[in-house]
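As the structure lists them, so they are numbered: ligands from 1, and atoms in each ligand from 1. Keep in mind that the numbers below use all heavy atoms, side chains included, and drop hydrogens, waters and symmetry copies.
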Amino acid sequence: MSEIKRCPNYKKCGGCQLQNMDYDRQLRFKQAQVVKLLGRFHRVSNIIGMENPTHYRNKVQAAFGQRGGQLISGVYQSSTHKIVPVDDCMIEDEIADKIIVTVRKLAQSFKLRAFNDTTMKGFLRHVLVKRGFKSGQVMVVLVTSGGDFPSQRSFVNALLGRHPEITTIVRNINEKHTSLVLGAKSQVLFGDGYIEEELCGKTFRISPKAFYQINPTQTQILYETAVDFAGLDGSQSVIDAYCGTGTIGIIMSDKAGSVMGVELNPDAVEDAKFNAKKNGVDNIKFYCADAGDFMVELAQRKRKVDVVITDPPRAGCSRDFLESVVALSPKKVVYISCNPVTLARDLGYITRKGYKVAKIQPVDMFPFTEHVECCVLLCKT
Ligand code: SAH
């Protein structure tokens, strides 16, 4: 692979911990990390890397700050609240980065001030851009404090005039003193308020708050691996736990008898229901609940479950969840994890309870960062 130019913000930003390594070395580093943590369970297949590991992030956000009269936008310096100005980033979508620069320049000319969370004064807090890789649709979310949006219509028109590729603009209002980017209220300023994206032959709606994998190329590979590991023949009852917008369950639905998806975020569940309909899938149901509570209830009702797919956040699965998986006794568990440390902990538990690891496939979803994703197949012994 050709040499990649070092990022000038590498040290201050802290987002790309592995910038000092060329891509092949990054892959070897991640492989070794997975082998160290999971090698005792099974042989680890070779990590699947990217052909072109730059500009893969389809969700980009920037914080606004004020330096004198000048509006700045960028990322928080690692473990501080200081903004490092960033106009382009080697892992972020290039169109999204250009839109963010335009938003900042326009905001400056419209005399919008950055929000200051010490004084709780000012207007613009963050901008978030999500772009559909296949659909090309672009959503811009302007996160602001409350009150009137000065010259809102002219601002929106000016932004659309400069970036006709934008398909929807949403204002999100965050009035709290919080490190969370998005507040409770959203208001659609232009378009539908969401974008659609295609993955593995299915269409998905993505709304501002719902989780969506940030690297579409590798997500396809990850999902195809999960489908392959599940080994479905059209008859099985499947659980898609921590299902987000329902992507994995919907992709598997053609090959399953029935699917139940469970997810805590109500916006994501709404998207999931919409997505099932949109794709004409009628053997899937979504539940808005804590995955642990949901599984406990299924186990109490002694439901028949053949395959459990689980894709938890970095903290891994709760003990309740794992105990109930064991009680439900599915033939297969496919565990997708973005944190091999909690994955190792959870595999340790489940392999003591009558399951053995049959496959481990790392996938590089986050080049240049230290993060590594794994898909693991567990079978009942
Ligand atoms: N499988 C999805 C989402 C994975 S991310 C995809 O591939 O897109 C993890 C998801 O778990 C997020 O959508 C998050 O909202 C959800 N989540 C976090 N804690 C949860 C809990 N306790 N119960 C159910 N879902 C939870």
Side-chain angles (χ1 to χ4, degrees), residues 56-59 130 132-134 180-182 184 194-200 202-227 229-230 238-253 256 259-276 279 281 284-299 307-325 333-340 342-343 346 361 363 365-366 371-376:
Y56 58 83
R57 267 199 88 102
N58 61 355
K59 171 190 156 189
K130 289 188 182 182
F133 175 71
K134 286 232 174 91
L180 291 179
V181 172
L182 294 174
Y194 57 81
I195 55 166
E196 286 187 342
E197 176 61 318
E198 222 181 90
L199 266 183
C200 302
K202 301 271 196 272
T203 307
F204 296 99
R205 173 175 100 173
I206 309 158
S207 56
K209 279 198 190 164
F211 174 88
Y212 195 70
Q213 300 282 358
I214 53 109
N215 183 334
T217 313
Q218 296 300 87
T219 299
Q220 293 237 134
I221 293 172
L222 181 74
Y223 287 172
E224 280 160 11
T225 305
V227 173
F229 282 9
V238 178
I239 289 183
D240 178 9
Y242 306 89
C243 69
T245 54
T247 41
I248 300 175
I250 290 171
I251 287 164
M252 285 186 179
S253 60
V259 185
M260 282 186 275
V262 58
E263 160 65 46
L264 198 56
N265 176 339
D267 288 359
V269 174
E270 240 184 70
D271 282 355
K273 288 179 179 164
F274 179 95
N275 289 335
N279 290 288
V281 174
I284 194 162
K285 273 208 161 136
F286 291 102
Y287 300 85
C288 187
D290 167 76
D293 293 349
F294 181 80
M295 293 298 271
V296 169
E297 204 178 312
L298 287 190
V307 178
V308 171
I309 316 288
T310 181
D311 184 9
R314 292 186 60 72
C317 297
S318 66
R319 183 47 73 90
D320 274 1
F321 179 91
L322 294 174
E323 277 172 6
S324 304
V325 168
V333 177
V334 178
Y335 194 139
I336 301 172
S337 159
C338 56
N339 182 353
T342 54
L343 175 60
D346 293 350
Q361 179 63 65
V363 178
M365 301 278 279
F366 318 104
H371 301 291
V372 52
E373 189 93 9
C374 290
C375 186
V376 174

Exercise. Would you mind listing which atoms of ligand 1 come within a distance below 4.0 Å of any non-hydrogen atom of Ala291?
Key: 21 (C), 23 (N), 24 (C)

Quiz item: Quick one: does Gly292 get a heavy atom under 4.0 Å from ligand 1?
Solution: no

Quiz item: For Lys134, does the NZ atom sit with more than 12 other heavy atoms under 6.0 Å from it, leaving out its own atoms?
Solution: yes

Self-check item: For Gly244, atoms of ligand 1 separated by under 4.0 Å from a heavy atom
Solution: 2 (C), 3 (C), 13 (O)

Quiz item: What atoms of ligand 1 come within less than 4.0 Å of a heavy atom belonging to Thr247?
Solution: 6 (C), 7 (O), 8 (O)

Practice problem: Answer whether the closest heavy-atom distance between the side chains of Tyr212 and Thr245 falls below 4.5 Å. | Solution: yes

Exercise. Among all protein heavy atoms, pick the one closest to atom 18 (C) of ligand 1 and tell me residue, atom and distance.
Key: Pro313 CG, 3.4 Å

Self-check item: Closest approach of Gly132 to Glu197 (non-hydrogen atoms, all atoms of both residues)
Solution: C-OE2, 3.3 Å

Quiz item: Just distances here: any N/O of Phe211 and N/O of ligand 1 closer than 3.5 Å?
Solution: no

Quiz item: Shortest non-hydrogen contact from Leu222 to Met365?
Solution: CD2-CE, 4.0 Å

Self-check item: Sub-6.0 Å ring centroid separation between Tyr242 and Phe321
Solution: yes

Self-check item: Winner among Asp311, Asp290, Asp320, Leu199 once heavy atoms are compared against atom 4 (C) of ligand 1
Solution: Asp311

Exercise. Applying side-chain hydrogen bond (donor to acceptor under 3.5 Å, both in side chains), run through Asp271 and Ser207 and close with a yes or a no.
Key: CA-CA 7 Å; Asp271 282 355; Ser207 56; 2.7 Å; yes

Quiz item: Just going by heavy-atom distances, which of Glu263, Lys209, Gln213 is nearest to atom 10 (C) of ligand 1?
Solution: Glu263

Self-check item: Option nearest atom 8 (O) of ligand 1 (shortest heavy-atom distance, choices Tyr242, Phe294, Phe204, Tyr223)
Solution: Tyr223

Self-check item: Those atoms of ligand 1 less than 4.0 Å from some heavy atom in Ala289
Solution: 23 (N), 24 (C)

Quiz item: Arg205 side chain to Ile195 main-chain N or O, any donor-acceptor pair under 3.5 Å?
Solution: no

Quiz item: When you measure from atom 25 (N) of ligand 1 to every protein heavy atom, which one gives the shortest distance, and what is it?
Solution: Leu264 N, 3.2 Å

Quiz item: Taking the non-hydrogen atoms of Cys243, is any one of them nearer than 4.0 angstrom to ligand 1?
Solution: yes

Exercise. Check Val262 against Ala289 and note the closest heavy-atom contact, atom names and distance.
Key: CG2-O, 3.5 Å

